[in-house]
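To start, the structure under review is shown below, and the notes come after it.
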Number of protein chains: 2
Amino acid sequence: MVQKKRPTLYDVAKQANVSIATVSNVLNNKDEASEETIQRVNEVIKQIGYSRNESARSLKRGESKLIGLIVPDNNPFFTEILDGIQQECEYYDWQVVVANSEESEKRQNQLIELLSAQQVSGIILAPVSETLSTTKIKANAPIVLIDREVENVKLPVIKADNVDGCYKATRKLLQNGHKRIGLILASPGISTTVQRKQGYVEALTSQNIQIDEELIQFGGNNTGTKAQIDGGYQAVIRMMNLSSPPTAIFATNHLLMIGALKAIKEQNLSIPKDISFIGFDDHPWQEISSPKLTIVSQPAFEMGRQAIHALHKLKSKDEIITTSLPLKLVIRESCGTA
Amino acid sequence: MVQKKRPTLYDVAKQANVSIATVSNVLNNKDEASEETIQRVNEVIKQIGYSRNESARSLKRGESKLIGLIVPDNNPFFTEILDGIQQECEYYDWQVVVANSEESEKRQNQLIELLSAQQVSGIILAPVSETLSTTKIKANAPIVLIDREVENVKLPVIKADNVDGCYKATRKLLQNGHKRIGLILASPGISTTVQRKQGYVEALTSQNIQIDEELIQFGGNNTGTKAQIDGGYQAVIRMMNLSSPPTAIFATNHLLMIGALKAIKEQNLSIPKDISFIGFDDHPWQEISSPKLTIVSQPAFEMGRQAIHALHKLKSKDEIITTSLPLKLVIRESCGTA
DNA sequence: CTCCTTTACTTAAACGTTTAAGTAAGTACT
DNA sequence: AGTACTTACTTAAACGTTTAAGTAAAGGAG
């Protein structure tokens, strides 16, 4: 694979009869060259097809034009976040390196290292654990947390208002007369789980309904699409086997929801006649599901955008922005009355 | 944002009482140091937490440990490809920069430039147009095409066997007695569209059935999820308004399929009783759709893996690998008899 | 006319690696 | 003992930028 050598500042400088410093100044709009020279240099650049060697620049500057994104998996929620990040990065002329921690803290910390070694300008991190080892947050790039928070760590975080979103969903079911509402949660160790449970609990207690721990099932101790779906499936099976099964179910993430719906279908229960249902995350296929599902919808794209925004503020003004974006309850056809 | 300066080779060298060259050799397993020195250097590295400045290395080597992935959008198919790419990159110690061309050739070529400037070791490209401008394939990084091919370009390409896959799907419908089969295609300008149409045409002509161009509808001239879904929707509407509407429909990508199903539902047609249906791409939610859909399934993850493999072969042996992976027809419940 | 400032540059060092070339000591062979 | 090879290093240059410091010429103020 023979690759032509890319032209350098020297090539441009020679052709334009100036020093490399001048070319560099022109490239960086330093306004220290005459209009005429700027013109000439730019012409040569275009003519010989010069573009900057970013490795050299990064070396000198101590910072590349890359930002890192670390997600625990590539599910559609994080893909939508990536979308938002990419759009916003365009403005800052950043490129995104995506890495997958696979819900492993060890891997996550390796990735922070690897990205730091690339001299990334910043890292957007959806952390896997509740506690980020303090050694690691000294990574040599600024970090913004997304989706999930960690305790005792002073970092910007862009998250959804899980408590409120799940409060609203649960209240909706309560308003429809449900008293026994099954809650399906993901892994206990992450902040979103804690907060989603909290919203559920607050809604019930505000109506003086006792919490029945049997109705709260964790379905996401394992990683991987299949495992998560199965977690949701098993959670429903367990609930429906209770002496007094729920009349409504709230699944608090997308994969859990799919598994839950599968179990409901297999049990020959019809939504919303036999059981009411609220799911999580809106996706195109829901337009054709029947019944159309009432869901809690997350502003994933916007979260991505805001994360970049927060990263920029952190870098330029040392400002720590923490944003909690509202969750929307999209009411469709899956909630009946008890 | 005060960042501690990262330790360099010098820091390691000083502490270990050797020259930076020796440290470098140890780091790169050059086997030119005594066992004792290797030990000592490695200890110092761990102790002071040294890790290589990849910008400096890239500058010297003329190549970074990054590879670029350019996709036309972030739909789940490409996300699964990314998954495969990431898994395989682990082995080569590469990281992935993902960029979105938004189906724009201009943007795509900009991105090739930008990635080249990052000194990427290679680029995996799902090209937007049938013809890649020849100037551009001279990018200073080796390129492997994925999913789509372009004419007259000698590059490795990892694709699905679209002709065969769509032949099989169409034949299935023919075997079930359907004679008027509606085909919904994406944008005419990409190779996958051409090939999927070809598979359909071959299946029909092998049964001596005349092609009715009215039954071949393009739904994907526009970019964006909504637009694609709408394209599938409109395609069905147009078909069903024909004097002699189809008795079966084959939608050749995921978003088109969702739109098509939406239209079918709105027309109060029931699958497979009133109309038979074959879709594209398998995703978790299909487990809970009713009826369960017969679909053509793409090995996206494997395509990602193979792309990295092909890239490596291209770089190390200058070998141009072209792979056409089989498409699988997953038969479920959406095909009835005519 | 002299001095000062501004403009439009140039020079050269530095960023942190890799690597070719050099070296000094030890071992092996004749 | 002399030569040749091996081992285990070191030295120094180079990769392509950015940028602080320097400079020469022109313009303006007094």
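Predicted model only: the values in this text are computed from it and were never measured. Protein chains get the first letters and strands the later ones, always in sequence-line order, with residue 1 at the start of each.
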Exercise for review: Establish, with yes or no, whether the OP1 or OP2 oxygen of C/dG16 is under 4.0 angstrom from a side-chain nitrogen or oxygen of B/Thr8.
Suggested key: no
Practice item. Could you please name the option among C/dT18, D/dC9, C/dT10 that lies closest to any side-chain atom of B/Glu32? Key: D/dC9
**Study point:** Distance test, side-chain N/O of B/Arg52 to OP1/OP2 of C/dT18, below 4.0 Å
**Key:** yes
Review point. Within less than 4.0 Å of OP1 or OP2 of D/dT17, is there a side-chain N or O belonging to A/Ser24?
Key: no
Review point. Once you round it to whole Å, what is the distance between P of D/dT18 and CG of A/Leu27?
Key: 7 Å
Check your understanding: Does B/Tyr50 make a side-chain N or O approach to OP1 or OP2 of C/dT17 shorter than 4.0 Å?
Key -> yes
Review point. C/dA12 P sits how many Å from A/Tyr10 OH, rounded?
Key: 11 Å
Review point. Is the shortest side-chain N/O distance from B/Arg61 to OP1 or OP2 of C/dT18 below 4.0 Å?
Key: no
Review point. To the nearest 0.5 Å, how far apart are CG in A/Leu115 and CD in B/Glu54?
Key: 11.0 Å
Practice item. Could you work out which one of D/dA12, D/dT17, C/dT17 sits closest to the side chain of A/Ala56? Key: D/dT17
Review point. To the nearest angstrom, how far is B/Asn140 atom CG from D/dG16 atom P?
Key: 11 Å
Review point. Counting only N and O atoms by type, is there a donor-acceptor contact under 3.5 Å from the side chain of A/Gln298 to the main-chain atoms of A/Phe77?
Key: no
**Study point:** Nearest-angstrom distance from the residue atom NZ of B/Lys30 to P of D/dT6
**Key:** 20 Å
Exercise for review: Using heavy atoms to find the nearest nucleotide of DNA chain D for B/Thr37 and B/Ile20 separately, return the residue whose nucleotide is more 5′.
Suggested key: B/Thr37
Practice item. Answer with yes or no whether A/Lys60 presents, from its side chain, a donor or acceptor under 3.5 Å of a partner atom in the base of D/dT17. Key: no
Check your understanding: How close or far is atom P of C/dT17 from atom CD of A/Glu54, stated in whole angstroms?
Key -> 19 Å
Point to revise | Atom pair distance, as rounded to whole Å: CG in B/Asp31 and P in C/dT19 | key: 15 Å
Review point. Can you check the B/Asn53 CG to D/dC15 P distance for me, whole Å?
Key: 18 Å
Review point. Looking only at side chains, do A/Gln86 and B/Asn74 share a donor and an acceptor under 3.5 Å apart?
Key: yes
Practice item. Nearest-nucleotide wise, let me know which of A/Thr22 and A/Leu59 is further upstream toward the 5' end of DNA chain D. Key: A/Leu59
**Study point:** Phosphate-side-chain proximity, A/Ser34 and C/dC9, N/O vs OP1/OP2 below 4.0 Å
**Key:** yes
Review point. Just checking, is any N or O donor in the side chain of A/Glu43 or A/Gln47 under 3.5 Å from an acceptor N or O on the other one?
Key: no
Practice item. Find the distance between CD1 (B/Ile158) and CD1 (B/Ile124) and round it off to the nearest 0.5 Å. Key: 8.0 Å
Review point. What's the CD-P distance between A/Glu63 and D/dT17, to the nearest Å?
Key: 18 Å
Check your understanding: Is any side-chain N or O of B/Asn25 closer than 4.0 Å to OP1 or OP2 of C/dT19?
Key -> no
